[in-house]
Amino acid sequence: MSVNLLIARRHLMASKKQTLVAMLGVTFGIAMFILMISFMIGVNQFMERTMLSFTPDIHLYNDISTNYSHSIAGEYFKGQPVTVSVAHPKPRQVRLDLKNAAALLSRLRRDPLVAEISPVVTTLVFYNYGPVQINGSISGVNIDDESRMFDLKDKMVTGLPEALLTADKGILMGSGLAQKLNVQLGDLVSLAAPNGMLMRFRVVGIFRIGISAIDNVRSYVSLANGQQLLGKDKSYITDISIKLHDHARAAVAAKTLHNQFGYKADDWETANASVKTSNLVRDTLTYVVSVTLLIVAGFGIYNIMNMTINNKMKDIAILKAQGFAGRDIMQIFLSQAIFIGILGALSGMLLGFILAYALSSVPFPPNEYVALKYFPVAFEPAHYFFGLLFGSLTPLAAGLMPSLKAAKIDPVMILRG
Amino acid sequence: MTPALTAEKLNKYFHEPEEFRVLQDISFTINKGEFVPIIGKSGCGKSTLLYLLSTLDTDYSGTITINGERVTGLSQNELALFRNQHIGFVFQFHFLLPEFTALENVMLPALKLGRWSKAETEERALAQLQQLEMAPFARQLSSKLSGGQQQRIAIARALINEPMIIMADEPTGNLDSGNTRLVFDIFNQLAHEKGIAVLAVTHDLDFAKQADRVIEMKDGHIVSPGA
Ligand SMILES: Nc1ncnc2c1ncn2[C@@H]1O[C@H](COP(=O)(O)OP(=O)(O)OP(=O)(O)O)[C@@H](O)[C@H]1O
Ligand SMILES: [Mg+2]
């Protein structure tokens with residue numbers, strides 16, 4: 001070990017309390033950073049997982065845009081120098097479905113990018129159960145396709161998704177909806193479609209996605225029953241859910257599909273823009289708090305280093321008189337800061353891990369909106385690496401100025417007294 | 001006789017609080033094996049001169065040559081190395097590092113120099129302490145020793161790198177007459193037996209008289225350059 005490090009170590013050992021206090025500042029800063037970022041990323045991942053677990057990579061549907069640019073009056077007076085103004089125009093009859101869905105589906109099945117597809121008929125309905133009437137929506141699906149895409153099996157509270165295949169007019173109901181209607185497995189509910197059609201379905205399963213916006217309104221029936229409820233034929237499809245082999249390519253693929261077929265194609269990132277936003281908010285918060293903690297720790301170290309150096313003016317002068325150069329003095333004090341930083345960062349990582357681990361085993365308060373047993377916590381090596389990096393860099397930065405000051409001390413001034 | 005230190009036309013000014021010429025055309029030579037006290041009234045510039053000669057203060061005009069090497073104009077890093085190799089210091093307030101033992105204090109300049117292994121350095125430091133009759137205190141924290149003991153440790157520290165010249169600023173200013181006598185005996189011995197040049201600022205005229213020659217200063221001049 002070089003003399004400089006020997007002296008640095010002796011200084012640290014001689015004022016253990018001070019060293020410990022300086023170190024604890026870094027320790028808590030890094031521990032909080034690790035805890036916060038683990039928790040926040042845990043929440044982010046949970047949110048993304050729940051959202052994505054129920055968002056297809058691409059959602060293809062007919063976006064009804066009521067087009068008022070065409071009017072019969074306009075057609076009639078075409079070319080003549082008159083201004084036609086129509087008050088309260090009414091849109092033409094619009095179709096909600098995807099035209100020639102069969103061709104579309106077979107095209108998609110042949111697409112090498114596509115892993116799974118699930119054709120869907122969706123419509124708004126009224127659920128009637130006794131006197132209770134609740135509005136919601138139903139999706140008519142090929143339950144095998146849909147189940148494969150969204151892993152419905154894992155999300156059933158009671159019953160099985162396949163029950164839709166065997167039961168005549170079976171329905172899989174969202175857990176929130178079932179609760180509101182107070183229905184149970186085997187109960188009959190009647191559904192009223194917007195066109196006035198009424199049909200009775202038997203509850204063959206109850207699912208729970210963990211997103212109240214879905215669990216409180218959505219039910220599944222078979223594709224045929226859906227088409228029947230709307231009074232449409234076998235080719236009537238309103239939406240197609242698409243799962244890709246590589247979901248990172250969704251945005252590009254969605255654009256291609258839109259250009260090819262003219263229908264609206266939302267990729268999962270666009271559909272979950274709000275999740276992305278709240279992730280960003282949480283990330284920002286984490287970094288702001290962590291940086292603040294580290295800056296506070298940095299100031300603590302700066303103060304302690306300054307104090308040490310003021311107390312050691314004479315020692316510095318004597319070392320210089322004996323042939324220690326400015327850079328030696330700098331090394332002596334900077335290495336103390338680095339030592340404090342590395343030790344503080346390491347113990348901070350450990351404390352952070354312990355706290356994060358403890359949090360991950362705290363039961364999450366049960367509620368109907370989120371399906372969480374414990375606080376979500378992510379354990380990622382990268383966080384610990386950054387903790388170590390920032391924990392070591394902060395004291396280095398904080399120690400730099402005092403160390404430079406020490407290096408520049410004029411020994412003559414000190415020796416004169 | 002070979003010169004250990006030569007000063008030529010040293011001039012030094014202080015600009016604060018007002019322009020003031022502390023040292024005026026100081027020239028002299030110290031030879032190897034000479035013990036030369038510097039005396040003079042308080043404020044005449046003795047300490048200032050010593051800081052110049054010891055290369056700690058570089059803000060002056062004139063030339064200083066130590067052991068044949070011109071030190072005037074060297075960079076701070078070069079000067080640090082030069083001090084480490086060639087100059088031993090003793091101060092009025094011994095200035096030992098309080099966190100280190102007596103032995104470690106003596107070892108530090110040698111460890112910095114890096115000429116000897118750690119074991120060798122320790123051996124040499126112990127031998128040095130032995131000569132000054134301080135070996136029994138080697139393992140004690142320096143802050144736990146008496147003033148006279150500390151000063152002897154400081155002398156051992158000044159000698160560890162075998163410098164050609166020792167500079168001391170009122171090394172006995174804090175000591176009783178017994179310890180003062182001891183320190184001057186050591187200096188005399190170092191000069192005469194080891195051929196080291198010793199330059200010591202002192203107020204103790206009794207001792208100054210016993211030296212080979214005395215440099216007496218007055219208002220920034222040398223009045224008696226010695227015989
Ligand atoms: N940093 C400084 N700025 C301005 N004037 C100074 C400074 N240091 C010393 N002086 C002045 O320079 C003169 C010489 O000071 P110096 O310390 O060399 O005297 P000295 O001979 O060592 O005195 P003493 O015997 O009391 O130690 C004094 O008049 C002192 O006031
Ligand atoms: Mg003086």
Side-chain angles (χ1 to χ4, degrees), chain A residues 1-20 22 304-305 307-336 339-340 403-417, chain B residues 12 14 46-48 50-52 54-60 74-101 104-114 118 121 141-143 154 157-158 160-161 163 167-170 173:
Chain A
M1 188 167 29
S2 85
V3 212
N4 297 346
L5 292 184
L6 190 86
I7 298 172
R9 191 179 67 175
R10 199 55 70 84
H11 281 172
L12 287 171
M13 297 290 281
S15 47
K16 288 199 192 71
K17 241 186 224 160
Q18 224 178 49
T19 308
L20 198 70
I304 287 177
M305 291 286 295
M307 222 162 75
T308 308
I309 285 161
N310 283 341
N311 288 339
K312 296 244 178 286
M313 290 284 208
K314 274 188 182 159
D315 300 37
I316 293 166
I318 205 77
L319 284 172
K320 282 194 155 180
Q322 286 170 45
F324 285 74
R327 55 166 182 253
D328 293 314
I329 306 296
M330 176 115 183
Q331 199 185 14
I332 288 172
F333 288 98
L334 211 51
S335 59
Q336 296 183 39
F339 176 82
I340 287 173
S403 300
L404 266 174
K405 185 178 114 183
K408 288 209 188 102
I409 283 174
D410 176 9
V412 175
M413 281 246 306
I414 310 297
L415 294 176
R416 271 186 190 284
Chain B
K12 161 107 187 146
F14 283 122
K46 304 182 295 293
S47 295
T48 307
L50 210 62
Y51 291 130
L52 254 56
S54 65
T55 76
L56 285 174
D57 189 348
T58 51
D59 179 22
Y60 61 88
L74 290 183
S75 76
Q76 286 299 331
N77 284 338
E78 288 167 328
L79 287 177
L81 185 65
F82 190 88
R83 285 197 293 273
N84 190 230
Q85 291 174 332
H86 300 297
I87 305 177
F89 277 100
V90 182
F91 303 91
Q92 178 178 359
F93 306 99
H94 347 296
F95 286 147
L96 299 176
L97 303 186
E99 299 92 353
F100 291 84
T101 64
E104 288 168 331
N105 264 287
V106 178
M107 287 169 67
L108 279 179
L111 291 175
K112 170 69 198 153
L113 184 62
K118 195 167 178 193
T121 304
L141 274 186
S142 60
S143 47
R157 178 177 66 182
I160 187 77
N161 284 352
M167 300 191 194
D169 193 356
E170 300 185 34

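We name chains A, B, ... by the order of the sequence lines, and we start the count at 1 in each one.
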Taking side chain as everything from C-beta outward and backbone as N, CA, C, O, which of these in B/Phe100 sits under 4.5 Å from a heavy atom of chain A? Side chain, backbone, both or neither.
both
Roughly how far, to the nearest 0.5 Å, is CD1 of A/Ile7 from CG of B/Leu111?
8.5 Å
Relative to chain A, which segment of B/Glu99 carries a heavy atom at a distance below 4.5 Å: side chain, backbone, both, or neither?
both
Spacing of A/Arg416 atom CZ and B/Asp169 atom CG [to the nearest 0.5 Å]:
9.0 Å
Under 4.5 Å from a heavy atom of chain B, the part of A/Leu319 involved:
side chain
Nearest 0.5 Å, what's the CG-NZ distance between B/Leu56 and A/Lys320?
9.5 Å
Examine whether an atom of B/Thr55 lies under 4.5 Å from a heavy atom of chain A, and if so say whether it belongs to the side chain, the backbone or both; otherwise answer neither.
neither
How far does CG of B/Leu108 sit from CZ of A/Arg10, to the nearest 0.5 angstrom?
8.5 Å
Scored by heavy-atom pairs under 4.5 Å with chain B, the best of A/Ser15, A/Ala321, A/Gly326 is A/Ala321
Within a 6.0 Å radius of atom NZ on A/Lys314, are there more than 12 heavy atoms belonging to other residues, nucleotides or ligands?
no
Closest non-hydrogen atom pair, B/Pro109 against A/Gln322
CG-OE1, 3.0 Å
At a heavy-atom distance under 4.5 Å, which candidate from B/Lys118, B/Met107, B/Glu104 has the highest pair count against chain A?
B/Glu104
Do the side chains of B/Pro98 and A/Asp315 get nearer than 4.5 Å, heavy atoms only?
yes
